[in-house]
Protein chains: 2
Amino acid sequence: MMAGVIRADDVKGMANAGYYIALRLGFAFPMDEVNELPQGWIDYYTAGRFMLHDPVIRWVYMNTGAVRWSEITIPDPMQIFVKAQGHGLRYGVAISCFDGSSDGQRSFGSFARHDREFSDTEIQALSAYINDLHHEKAPPTNVTTAELEALLMVKQGKRLKQIAHELGVSEGAVKQRLKNAKIKLGAKTGAQAATMASQFGLI
Amino acid sequence: MMAGVIRADDVKGMANAGYYIALRLGFAFPMDEVNELPQGWIDYYTAGRFMLHDPVIRWVYMNTGAVRWSEITIPDPMQIFVKAQGHGLRYGVAISCFDGSSDGQRSFGSFARHDREFSDTEIQALSAYINDLHHEKAPPTNVTTAELEALLMVKQGKRLKQIAHELGVSEGAVKQRLKNAKIKLGAKTGAQAATMASQFGLI
DNA sequence: TGGTAACTCTCCTTAATGGAGAGTCCATTT
DNA sequence: AAATGGACTCTCCATTAAGGAGAGTTACCA
């Protein structure tokens with residue numbers, strides 16, 4: 001039996017009661033998140049501000065690796081696991097991934113099923129998935145200040161002519177900076193480059 | 001003495017040891033954040049994963065209004081306040097703002113000084129500032145599905161021609177959708193509209 | 001039925017993009 | 001002290017894409 005590479009579609013099938021992924025958690029909050037939990041649970045959780053009390057959150061902050069919800073020993077005074085069951089989130093696995101090399105950023109996911117525990121194979125596949133996403137979202141480090149400066153101004157809705165004027169360089173220079181930025185970010189358009197840099201927290 | 005309207009520049013002077021603002025915290029994480037804390041503290045805080053233990057964070061999650069750090073009674077087993085002092089964050093105020101009307105989103109800020117406590121007037125001004133930002137960041141609700149669909153594809157680096165083809169409409173139609181989206185978002189260019197929609201969590 | 005709002009389209013102007021090439025500033029070699 | 005290579009910056013030009021003004025088409029609601 002092989003784990004194989006899995007994609008977003010496979011995850012939906014595997015976590016049939018929903019899942020949540022937070023990518024590149026830094027100082028306090030992540031760079032990106034994927035929330036495929038049931039809307040009812042999202043609303044209830046939000047209104048109740050459960051995050052700080054959620055044993056899953058506490059576990060992923062403190063640990064690295066994977067654990068079934070049923071194996072988490074952190075106290076649950078607010079009965080969040082019980083409340084989650086009411087929304088179909090009965091069995092689950094929490095996965096936390098930490099890239100020692102980077103600036104302390106970690107990513108985690110919490111996946112839920114309503115019918116049975118996750119198998120070891122599934123947990124392995126999901127761990128690999130989180131790990132992949134974590135590395136995919138690693139921001140490029142070679143984008144120069146001049147390039148980011150131009151990207152920021154694009155994000156702010158400025159035109160190339162205006163950017164050139166404000167920076168005191170030619171329009172051609174601005175174009176080149178944006179062209180370089182696009183290559184480094186792997187973006188096809190200026191709009192995509194600006195949103196990517198924004199999500200990476202570069203600008 | 002008047003509180004008056006304050007801007008980002010004024011905040012830097014008022015919180016002379018740094019500040020942190022999280023805007024529109026929903027399910028777990030905020031839509032936007034401003035981090036003007038000292039880099040040394042950011043690194044230490046990140047590496048130590050203090051967030052879940054930080055009495056300030058716990059306070060702003062549970063309460064609405066403003067409180068001086070010295071008045072917070074939540075236990076601080078990890079001595080985060082003491083550790084913060086080593087980075088110049090000696091006196092502080094936490095401000096939490098909740099807009100009952102919206103979908104449970106709240107915003108908060110934590111501001112620090114190294115020399116003295118914040119005055120009531122300052123706290124009032126900072127509260128107003130957070131409140132303003134909170135309302136400024138309220139996502140528009142009138143952007144249509146078709147418009148968001150087009151914005152998403154712009155964000156993904158697609159060209160108008162390709163978007164039109166994939167959606168089965170004319171290129172002019174796509175332009176019109178983007179124009180409407182820009183008006184509703186208050187954006188000057190498609191790039192700005194896409195990044196704004198992205199930060200609002202609309203796409 | 002007149003008003004309004006979303007969507008659609010065309011025509012024209014202006015802006016962005018991509019390719020090829022060249023000068024500048026460094027740090028590393030020769 | 002050249003020479004080399006790399007990263008960055010800038011120019012020019014041809015092509016393509018985006019933006020703006022205006023008007024037509026549904027469809028729905030008062």
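Predicted model, so just to flag it, every value in this text is computed and none were measured. A note on names: the letters A, B, ... follow the listed sequences, proteins ahead of strands, and every chain is numbered from 1.
A rotation axis mapping the C1' atoms of four pairs onto the next four is fitted at both ends of the helix from C:dT1-D:dA30 to C:dT30-D:dA1 over five pairs, and the angle between these axes is 30° to 10 degrees.
The distance from atom CZ of B:Arg90 to atom CZ of B:Arg116, rounded to the nearest 0.5 Å, is 14.0 Å.
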Quick one, A:Arg24 with A:Asp32, criterion salt bridge (Lys or Arg N to Asp or Glu O under 4.0 Å). Give me CA distance, side-chain angles, the key distance, then yes/no. CA-CA 7 Å; A:Arg24 298 222 159 239; A:Asp32 200 10; over 6 Å; no
Begin from the C-alpha positions of A:Glu147 and A:Thr144 and carry the test side chain to side chain donor-acceptor pair (under 3.5 Å) through to its verdict. CA-CA 5 Å; A:Glu147 288 155 4; A:Thr144 67; 3.3 Å; yes
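Going from atom NZ of B:Lys161 over to atom P of C:dT17 covers 15 Å, rounded to whole Å. The interatomic distance linking B:Arg159 (CZ) with C:dA15 (C1') rounds to 12 Å, in whole Å. Note: CG (B:Leu148) to P (C:dA6) measures 13 Å, nearest angstrom. Across the protein-nucleic acid pair, B:Gln162 atom CD and D:dA18 atom C1' stand 15 Å apart, rounded to whole Å. What separates NZ of B:Lys158 from P of C:dA16 is a distance of 23 Å, to the nearest Å. Summarising the geometry, the separation between CD on B:Glu149 and P on C:dC7 is reported as 10 Å, rounded to the nearest angstrom. Straight-line distance from the CG atom of A:Leu160 to the C1' atom of D:dA17: 12 Å, rounded to whole Å.
With ring centers used as reference points, B:Tyr91 lies 6.0 Å or more from B:Trp69.
Which of D:dA18, C:dA6, C:dA16 sits closest to the side chain of B:Lys184 comes down to C:dA6.
Both B:Glu147 and B:Thr189 lie near DNA chain C, and the one whose nearest nucleotide falls closer to the 5' end is B:Glu147.
Within 4.0 Å of A:Lys188, counting heavy atoms only, lie sugar-phosphate atoms of the nucleic acid but no base atom.
Listed by chain and number, the residues in a ring-ring contact (aromatic ring centres under 6.0 Å, His included) with A:Tyr19 are A:Phe111 (sequence neighbours excluded). For B:Ser170, the side-chain contact (heavy atoms from CB on, under 4.5 Å) test picks out B:Ala173, with sequence neighbours left out. Considering only residues two or more places apart in sequence or on other chains, A:Tyr45 meets the ring-ring contact (aromatic ring centres under 6.0 Å, His included) condition with A:Trp41, A:Phe50, B:Phe27.
Considering only side-chain N and O atoms, A:Thr144 lies under 4.0 angstrom from the phosphate OP1 or OP2 of D:dT9.
Sequence neighbours left out, not one pair with a member in residues 45-63 of chain B passes salt bridge (charged side-chain N to carboxylate O under 4.0 Å, His left out).
Proximity of a side-chain donor or acceptor of B:Asp43 to a complementary backbone N or O of B:Gly40 within less than 3.5 Å is not detected.
Of all the residues in residues 165-183 of chain B, B:Val169, B:Ser170, B:Gly172, B:Ala173, B:Gln176, B:Arg177 reach under 4.0 Å from DNA chain C with at least one non-hydrogen atom.
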